[in-house]
Amino acid sequence: MLRFAPALIVTLLVGPILAGLAMALLPAFGYLPALGGERLSLEPWHELFAQPGLARSVAVSFASGLVTAAVSLVVVLAFLAGVSGSRLDRWIQQLVTPLLSLPHAAAAFGLAFLIAPSGLVARLLSPELTGWERPPDLLIVQDPWGLALMLGLVIKEIPFLLLMCLAALPQLDPGRHVAMARSLGYRPTTAWLKVVAPALYPLIRLPVYAVIAFATSVVDVAIILGPTLPPTLAVSILDWYHDPDLSRRFMASAGAVLQLGVTASALLTWWCLERLVARLGRHWLERGSRSCADRPLRLAGKSLILLAAFAAFAGLAGLALNSVAGFWRFPDALPQGFTAVHWLRALPSLTGPATATMIVAICATLVALALTLAALENEQRSDRHPAQGRLFSALGLLYLPLIVPQIAFLFGLVVVMETLGTRHRLGLVIFGHILFVLPYVFLSLSEAYRRFDPRWSQLALTLGSSPNGAFWRVRLPMLLAPLLTAAAVGLAVSIGQYLPTLLLGAGRIATVTTEAVSLAAGGNRRVIGVWALVQASLPLIGFVIAIGIPRLLWANRRGLQGA
Amino acid sequence: MNNQAPHSLELRDIEIRLDGKLMVALDATVGPGETLTLMGPSGSGKSTLLAFLAGFLPPAFEARGRVVLSGHDITELPAEHRGIGLLFQDPLLFPHLSVAGNLRFGLPRCMSNRAEHIQRALADVGLAGYGERDPATLSGGQKARVALMRLLLSAPSAVLLDEPFSKLDTELRDEMRRLAFSHLQAAGLPSLLVTHDREDANAVAGAVIELSGGR
């Protein structure tokens, strides 16, 4: 059984993506018999390129990918360089970590509530500093350049890249390298940038690519923060797809293929930038300057990451405030009264989607956990530790669902599923979520699993326990904490999914996320506050359990605390 | 496995190679209650040999020869069916189980009155009443004793000791050594001690073989 786990995982990840891409490609050239497309043509492409504002949609999508990745990466690297030589500010790390579980949509709503013309920032500054007595007529959120969109993405991607860096750093032994460079006269921050960063980047390259791919093709954040006339490419594609005129599906498919191209060119551009930076950086490295703006860099890294974390938390506070606000005149920083009426009114309609969210999240996470454990246990038993080259290829496959834009293959996947006659909506949604939950669960658990001292299992075997007994009685209990963390990560990823739920559920599976995003157009802040806050708090429950259970269970087991 | 002494461990013409290069070669017999000491610097293939005997040899290695335990050829058996117990450098008490839980882990399933066995084993090493303790709260010497009793309760037919006392301080080391070997001799178990510490070899009666590595 175990032997088939790796093959099963690969099939599960690669199969649907390839099938989905194929079924986007065919309709893009006019072939979809179910809708009367019997022969290949370029008609969908003519129609697509005739869409007003297409160039702008493409440009905003392309730019938000590169800008988001560049800004997030620079902030994270500046922060890490700045704290080198001093003790890593654990509290900043602990501040940033929970942001990883915050769904993108909730973070986007929070940011919108913060920076909108009538948002918290404007209220705090008005009327004293701005002179505004009423909300100014400014397009801050949903600005035509997609700046608010990029900002929202940066806030979410900084924690992701930071955690990826922190996971990769220990194998580089940064402390000793920096100490060595400092003994040659380099200032600590410069030393870090010169000796650690070049070795770190290759280890986080795939996560960076995932950020670029995600930012070029994101739908939910773009609906909330992105431009509207025209929206980003991915949102346009979704609109065309949902057009009552079914023939527009051909154009939507062409758009999906175009999205694939946009993401690919963003990745290619980034790759060229990588080369350029490597060349320039080499020159800078070899010139031997011992210090470069050490203090400003140190300050900038810390303050920017704090600012991002602060914006996310302030946004959440804004959501909370709105959800209980009574009458709230414009320049007032606080509402005149508080009321529970929005919550009470939303409660009856919340329970259904909240239940559906949890069912989907729990099922997808359990399947992903089982597959991950089977693959990792198989790896241990067959003594095949991932060799360098193989590690890359296996990891590359894991990242596939994170690098191929969701919108590019999910339509095709829906078509495939319809052709196969699969109509079990809930099952389909769970299946779709597994594609995105599995990579994160695997990445989260594999590290702890592979580092686990093999002597524990050997000991169990020499004491007469079977390999399965050793797994259930030794490995699993001792790895309970990382296991639950991986589960919490899986739950958070699933809860935040928008597009797979919407498309594979054919709009009939309502989760907290789909409901919250659909409220964006209405603009009723009180209701949005309630739903976004619920969306943000569901993943937190998972993390609270993941931290709480080991503490409770191992209260009397010092050897496992802090493990 | 069982307590019907006498057990003997025969290592017949064992040769272990890595990439064609001889790592370690050995031909020896260890009688019931006897101890064979293997001395050698690190890199001399001691751990490789132990991994082979216990059934954990990584597939990259190539091994020849037979391991015969009490007349049965166990060379091809999986680790859990070999009846070979291991005492590691560290006590490796399972951190998620109590002291008694650790001992219970060693007891064969079919054993009757398990609780009584555990009580007696704890009393044997002066740890009566420690059953419900968290292993992390024990001292180094106490942990080593629990690890020894866990090994003995699993009723092995032979025991491999992988520098088991090297991390204890000197006085404790002598005491543990005496305790361990008196128990192993009393149980009539053949044992194989791997060490780079001359004192270990001197303190234990029995043959000593120097491993020099395959060079």
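This one's a predicted model, so the numbers in the text were calculated from it and none came from an experiment. Reminder, nothing fancy here: chain letters follow the sequence lines and each chain counts from 1.
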If I measure from the heavy atoms of chain A, does B/Leu97 come under 4.5 Å with its side chain, its backbone, both, or neither? backbone
Which atoms of B/Leu160 approach chain A - backbone, side chain, both or neither, heavy atom under 4.5 Å: neither
Look at A/Val474, A/Leu480, A/Leu553 and state which one has the largest set of heavy-atom pairs under 4.5 Å with chain B. A/Val474
Among A/Thr462, A/Leu463, A/Leu461, find the residue that satisfies the side chain to side chain contact (heavy atoms under 4.5 Å, CB included) test when tested with B/Leu86. A/Thr462
Angle between ring planes, A/Trp456 versus B/Phe94, binned at 30° and 60°: parallel, tilted or perpendicular? tilted
For residues A/Arg558 and B/Pro135, determine if any side-chain heavy atom of one lies less than 4.5 Å from a side-chain heavy atom of the other. no
Give a yes or no on this: more than 12 heavy atoms of other residues, nucleotides or ligands lie within 6.0 Å of atom NE2 of B/His183. yes
Surrounding CZ of B/Arg66 (heavy atoms of other residues, nucleotides or ligands, distance under 6.0 Å), is the total greater than 12? yes
Smallest separation among heavy atoms of A/Pro467 and B/Glu80, with atom names: CD-OE2, 2.9 Å
Where does A/Ala470 contact chain B at under 4.5 Å (heavy atoms): side chain, backbone, both or neither? neither
Give the minimum heavy-atom separation between B/Leu92 and A/Leu459, together with the two atoms involved. O-CD2, 3.3 Å
For residues A/Gly559 and B/Ala136, report the shortest heavy-atom separation together with the two atoms involved. N-CB, 3.5 Å
Under 4.5 Å from a heavy atom of chain A, the part of B/Leu151 involved: backbone
Kindly give the heavy-atom pair with the smallest separation between B/His96 and A/Pro477, and that separation in Å. CD2-CB, 3.4 Å
May I ask you to check whether over 12 heavy atoms, not counting those of A/Arg205, lie within 6.0 Å of atom CZ? yes
Could you grab the distance from atom CZ of B/Phe56 to atom CD of A/Gln458, nearest 0.5 Å is fine? 4.5 Å
